[in-house]
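Remarks on the structure that follows.
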Amino acid sequence: MGPAESPAPAQPKAIQVGADTITEGGIYQPEVLEPKWQKRWEQDGLYRAVVDPTLKKFYALTMLPYPSGDLHIGHWYAMTPSDARARFMRMRGYNVMFPIGFDAFGLPAENAAIKVGVHPRKWTYANIERMRTQLRAMGAMWDWTREAVSSDPEYYRWTQWFFVQLFKQGLAYKKMSPVDWCPNCNTTLAREQVWGDDRHCERCETPVIKKNLDQWFFRLTNYAEELLDFSHCDWPDRVKTLQTNWIGRSEGARVIFQTEVGDPLEVFTTRPDTLWGATFMVLAPEHPLVEKITASENKAEVKAYMQQAVRQTDIQRESADKEKTGVFTGGFAVNPVNGVRIPIWIADYVLITYGTGAIMAVPAHDKRDFDFAMKYGLPILPVINRTDGLTKSFALGKTMQPGLADALRAEEIPFEERQGSLYINIPPEKIDRYIEIARAHLNPSSWNEIVGTRWVFIFPDGVREWDSIDSEQEILARCQELEPNVREKRSLMEMVWGVEFYRDALFHDQQGELIHSAEFSGTPGAEAVRKVSEWLAARNAGGPAVSYRLRDWLISRQRYWGAPIPMVYCPVHGQVPVPEDQLPVLLPDDVEWKPTGESPLKLHPTWAKTSCPVCGSPAERDTDTMDTFVCSSWYHLRYLSPKYDRGPFDPAEYDYWMPVDCYTGGIEHATMHLIYTRFFHKACRDMGITRGPEPMLQLRNQGIILGEDSEKMSKSRGNVVAPDDLVKKYGADTVRAYLMFFARWSQGAPWNSQGIEGTHRWLNRVWALLTQVPKNTSTDAGEHADRILSRVMHQTIRRVTRDFENFEFNTVISALMEFTNTLYKYRETSLYGTPVWEEAADILMLMMSPVATHMAEELWHRRKGAGTASIHLQKWPTFDPALAAEEEATIVVQVNGKVRERLQLPIGAGEAEARRLALASDAVQKWLAGKEPRHVIYVPDKLINLVV
RNA sequence: GCCGAAGUGGCGGAACUGGCAUACGCGCACGACUCAAAAUCGUGUCCCGCUCGGCGGGAUGAGGGUUCAAUUCCCUCCUUCGGCACCA
């Protein structure tokens, strides 16, 4: 023999079979058949979604991609399993719409323009063109006729139209306010786009700063309550929790205090039950009342404080560890419940953006107020009883007569004695008895006090309760008179805080029975919250109230590449929306998009100059553009009819397709896009534009694919997986299948470049199984082989159907792999080619077709012959429970819960039978050791447990 | 600090309603084919022990509880990840 030659790979040859072109040759060649079928499907309009009232519709949607220029493996991970599921639904008889488009406005285009000098429009549309090609390589069932691009004038015309509708409805408003500004992106950001401890920009991670700007907002907060209702949302709990926390609902009460300058001062509190403990008030430095209530002698200090508060960044200001600062305004307010006059301070730990921007401070039961009061020596008054009964007294040696210790022992009051002083823990029921004992042993010119459950000072001439601000002052003065050491203490709390032993009894923030609260004393916590709220309401001094953490949505952006805000400023008529028939307000091409911090449109020589739509006098356009989340809040509506020009969408299409039945995408949008789009839908519903409670009924999130090194994929780490390379190497079907298989879809996992080989191997095995005739089929398949294969087939249909329904794609694939293995087991036997074999082969192809879209189509055509309809038009197979049912079950025999034997019994075997056979087993007898089972648990078809 | 999710072989993971833990795949080992390798195919692969084709014990982050029986239900703790954080 001469030198060995490796066999040349079979060259594929295209052959014509009727209308079908089929690749001849034994080798699986995705690079040949994938483009072929993609082209064919496109020509046939196979995935066109057309309104058909005779069919049940299914609107499947994946989140709109940004045209960054390169499809990432994350896009594949988000889109191809979603596509497979949409295909599954289609095969189950639904009329499925699965559209695609581009979120084409936004900063990267502008940043690229600044960096390399390409116009944002050119950059964006070139990227879109490239991504269309990449998206087509997925073999997905996109209906490209419904493609929508948010930067097209025919799209943003309607983004602007929605803005105008919101404005007319009073849901869009302009306001001067301190807003988050990203110094790198040179624009404002919505609250949701500011992330993390250091409050950085969601996009570029630069820490944001505050700027005071006149900006447009959408009234998200109007819908806060409704957004908390997820009763129509089949959504992951995680997303619902994130949104719920983000909205941050707090129940409590409004309380109106009267200031001495005459203006009412309203606060929000979650603890109206602590109202009697309010010893001062605090306003945010930006609070509008600050100026008016500040006394003339405090003006300078207050002004200085306000200035330094404004200068600070949010990070400094909102850091919880920061020591609290503030200044007294010189003003006072009157507590509506008891008429007590309390000082008003300003401090930056109170936020102007939450509640009313003012608080009543109850330092005894709020940690922040406590810290502040202790720092500035403000009075503290406990008004809520402890729930743990902790009650303490410290008896300094020189203040008490000898015999106290013996008296306490006799009374069984526990204490510790150290250096002649007693550290006493008083059982709550013995407090009165203790007071008697303490009085009896008190030295003249001394006192003793109780803290915790009771707040009592025992003086030689009597007992004084610490139950009001007045008594607090009197007691403090009295103590200072008796003891020079406490003369510098500014409050009674500060004085007792000096005793280390007391510290854990001095502060708590639990709910509990009210004390020191006039007629409400003795009321239990939850009841007190309710009763005090009602009491306030009855006296027009407030009442029950709800507050939300959610803020209105800031949508102005000082950037070029976005939808211009369609507003005109007229010196006579003020804010005037651009009339609907004049939309869109077109973005000019000739702008300088340099990052100046000003809107590029503002620097355009002529663009902003216009005339007032009302009076025609010279007027100015708004030169900001809209946050791109506005564009993406309604794209699911534009997909309905991207060319429609009499409205944002064709109502007939809306009636049929909406709402979205299944929405898939990443969890990172939980508090941004997914809140905005719900808001948009609900606002539009209230204007009669949309219908129904929710835009997206079902939501599922995919996880994140990490790099092979388990780190986040990034170019700088060099761990990026490029889908184009994978498609080239393995074909799209392998990539699709692997993405579905390699991890729980909802969770994601690190990439594994060896793992994909296994999936590729599987597809090759399926290919060989269905294209190659085995050498030998004479071996007997064994008894009932046909029934076994049929059973496995029906069981597989059951498993795959269930797992597809539940988005459990990894087990869809493993079930199909197992089914393939079963077929391989019988391939070289007499079962090959029998009707049940052929049926199983068909079913395997059908169930693989949502996954390996091209391969399944190719195999289908090869096996079904010329002119066959696409596999993607076939029905999903159904299973027959009778045929899927096992005939025999393995019964596990346990002795005392441990497996000792296994029995093969027919399904439905009775307990007596199982018991008889179990007891007949030697292994079981060995473990029973001659004893009779005391107790037998029998689970039919599963297990018998003998307990001795 | 508060809220939430998750911890199962060397790795990704499976286990439906409390009933055989570790399916499927990767990796690894051995074998077949080959001069050889790749590819492919086959066999094995949680840990420990033993009188080793079998048998016994242990193991689902740790500890406890409920139960005839717990990866699954309950409690405590640990770790990791995510979100919120001076929100009154």
Side-chain angles (χ1 to χ4, degrees), chain A residues 1 3-4 6 195-197 236-238 240-246 248-250 252 267-271 274 282 284 317-322 324 347-351 353-362 366-369 371-372 547-551 667-668 670-671 710 738 741-744 746-759 761-762 764-765 768 798-799 802-803 806 808 810-821 824 890-899 901-902 923 926 933-948:
Chain A
M1 274 172 79
S6 52
W195 287 13
D197 291 348
D237 288 342
R238 213 172 136 208
K240 292 191 275 189
T241 305
L242 284 171
Q243 291 204 352
T244 303
N245 291 345
W246 186 260
R249 183 181 199 274
S250 298
V267 300
F268 172 77
T269 176
T270 53
R271 294 294 302 274
T274 64
V282 187
R317 220 180 124 166
E318 291 185 10
S319 140
D321 327 320
K322 195 193 85 171
K324 291 178 184 25
D348 62 9
Y349 81 92
V350 173
L351 309 176
T353 46
Y354 184 78
T356 62
I359 62 158
M360 63 176 206
V362 183
D366 183 286
K367 195 73 185 66
R368 297 154 301 182
D369 299 344
D371 293 345
F372 193 81
S547 188
Y548 303 91
R549 212 187 66 102
L550 188 73
R551 306 288 146 81
I667 188 119
E668 66 273 13
T671 57
S710 298
Y738 182 60
F741 178 61
F742 89 114
R744 240 175 289 180
S746 57
Q747 227 160 271
W751 182 257
N752 182 339
S753 55
Q754 279 177 323
I756 193 171
E757 298 275 354
T759 312
R761 218 168 283 159
W762 171 55
N764 271 311
R765 272 161 61 78
R798 182 167 61 193
R799 286 169 66 184
R802 186 195 63 208
D803 292 348
N806 297 331
E808 285 161 5
N810 54 341
T811 49
V812 163
I813 306 295
S814 55
L816 291 172
M817 283 174 168
E818 284 181 59
F819 189 43
T820 307
N821 293 344
Y824 258 94
T890 306
I891 308 282
V892 173
V893 183
Q894 296 184 336
V895 178
N896 288 336
K898 289 209 183 284
V899 179
E901 180 67 286
R902 290 178 175 86
K926 190 177 119 198
R934 187 168 49 83
H935 191 40
V936 177
I937 291 104
Y938 179 64
V939 183
D941 306 331
K942 291 238 167 99
L943 149 154
I944 181 160
N945 190 3
L946 309 171
V947 185
V948 295

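Only a predicted model underlies this, so the values are computations on that prediction, with no experimental measurement involved. Scope of the values below: all heavy atoms of this structure, side chains included, with no hydrogens, waters or symmetry mates.
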Among [options], which nucleotide has an atom closest to any side-chain atom of [X]?
X	options	value
A/Asn752	B/G13, B/C26, B/G4	B/C26
A/Ala749	B/C26, B/G12, B/A88	B/G12
A/Thr269	B/G13, B/C26, B/A88	B/A88
A/Val899	B/G12, B/G27, B/A21	B/A21
A/Asn945	B/A88, B/C26, B/C68	B/C68

Could you check if a side-chain atom of [X] sits within less than 4.5 angstrom of a side-chain atom of [Y], using non-hydrogen atoms only?
X	Y	value
A/Val892	A/Ile944	no
A/Val812	A/Glu808	no
A/Leu242	A/Ile667	yes

Scan [X] against the nucleic acid and name what it touches under 4.0 Å (heavy atoms): base, sugar-phosphate only, or nothing.
X	answer
A/Thr244	nothing
A/Trp246	sugar-phosphate
A/Arg744	sugar-phosphate
A/Gly758	sugar-phosphate
A/Leu242	sugar-phosphate

* Has the side chain of A/Lys942 got a donor or acceptor atom sitting under 3.5 Å from an opposite partner on the base of B/C20? ->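 No, no donor-acceptor pair under 3.5 Å.
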
* To do: Report yes or no: is there a donor-acceptor pair, N or O only, under 3.5 Å between the side chain of A/Arg934 and the base of B/C68?
  =>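 No.
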
If the [atom1] atom of [N] is compared with that of [M], how far apart are they to the nearest Å?
N	M	atom1	value
B/U8	B/G58	C1'	15 Å
B/U43	B/C35	C1'	25 Å
B/G53	B/U45	P	14 Å
B/A70	B/G1	C1'	34 Å
B/C50	B/G13	P	36 Å
B/G25	B/A36	P	29 Å
B/G65	B/C52	C1'	39 Å
B/C78	B/C26	C1'	30 Å

* Asked: Of A/Val939 and A/Thr811, whose nearest nucleotide on RNA chain B comes first from the 5' end?
  ->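 Checking each residue's closest nucleotide, the 5'-ward one belongs to A/Thr811.
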
* On RNA chain B, nearest-nucleotide positions of A/Ala815 versus A/Asp366: which is more 5'? ->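 Its nucleotide being nearer the 5' end, the pick is A/Ala815.
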
* Working to the nearest 0.5 Å, report the span between CG of A/Asn245 and NZ of A/Lys240. =>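 If we round to the nearest 0.5 Å, A/Asn245:CG and A/Lys240:NZ are 13.5 Å apart.
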
Tell me whether the side-chain N/O atoms of [X] come closer than 4.0 Å to OP1 or OP2 in [N].
X	N	answer
A/Asn810	B/A14	yes
A/Ser250	B/A88	yes
A/Lys898	B/G58	yes

Interatomic distance, [X] [atom1] vs [N] [atom2] [rounded to whole Å]:
X	N	atom1	atom2	value
A/Glu818	B/G25	CD	P	7 Å
A/Arg802	B/A14	CZ	P	12 Å
A/Arg238	B/A5	CZ	C1'	7 Å
A/Arg549	B/G83	CZ	P	13 Å
A/Leu351	B/A85	CG	P	10 Å
A/Arg902	B/G19	CZ	C1'	13 Å
A/Asn245	B/C3	CG	P	10 Å
A/Phe741	B/A23	CZ	P	12 Å

* Asked: What is the minimum heavy-atom distance between A/Val267 and A/Thr356, and which atoms define it?
  ->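 Here A/Val267 and A/Thr356 meet closest at CA-OG1, 3.3 Å.
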
* To do: Show your working on ring pair (Phe, Tyr, Trp, His ring centres under 6.0 Å) between A/Tyr738 and A/Trp762 and close with a plain yes or no.
  => CA-CA 10 Å; A/Tyr738 182 60; A/Trp762 171 55; over 10 Å; no

* **In B/G9, glycosidic geometry as syn within 90° of 0 or anti otherwise** =>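 Nucleotide B/G9 adopts syn.
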
* Asked: Are any side-chain N or O atoms of A/Asn945 and backbone N or O atoms of A/Gly897, one a donor and one an acceptor, separated by less than 3.5 Å?
  ->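 Yes, because the side chain of A/Asn945 sits within donor-acceptor range (under 3.5 Å) of the backbone of A/Gly897.
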
* To do: Say whether, by atom type as modelled, one donor and one acceptor occur between the side chain of A/Asp366 and the main chain of A/Val362 under 3.5 angstrom.
  =>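 Pair absent, no side-chain N/O of A/Asp366 close to backbone of A/Val362.
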
Within the sub-3.5 Å range, which N or O atoms of nucleotides 40-43 of chain B have a protein N or O partner, and how far apart are they?
| residue | atom | partner | partner atom | Å |
| --- | --- | --- | --- | --- |
| B/U40 | OP1 | A/Arg761 | NE | 3.3 |
| B/C41 | OP1 | A/Arg765 | NH1 | 3.1 |

* Is A/Arg799 salt-bridged to A/Glu818, cutoff N-O under 4.0 Å? ->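 Here A/Arg799 pairs with A/Glu818 in a salt bridge, since their nearest N and O are under 4.0 Å apart.
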
* Where does RNA chain B pair, written as one dot-bracket string 5' to 3', with Watson-Crick or G-U pairs under 3.5 Å, ( ) inside the strand, [ ] for crossing pairs and | for another strand? -> (((((((..(((......[....)))((((((.......))))))(((((...)))))..(((((..]....))))))))))))....

* Cationic tip of A/Lys324 within the cone over A/Tyr349's six-membered ring, i.e. under 6.0 Å and within 45° of the normal? ->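 Here A/Lys324 passes the 6.0 Å and 45° test against A/Tyr349.
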
* Lys NZ or Arg CZ of A/Arg549 over A/Tyr354 ring: under 6.0 Å, within 45° ->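 Ring-cation test returns no.
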
* Under 3.5 Å side-chain donor-acceptor pair for A/Arg551 and A/Thr353 ->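 Their side chains do contain a donor-acceptor pair, which is all the 3.5 Å distance test asks for.
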
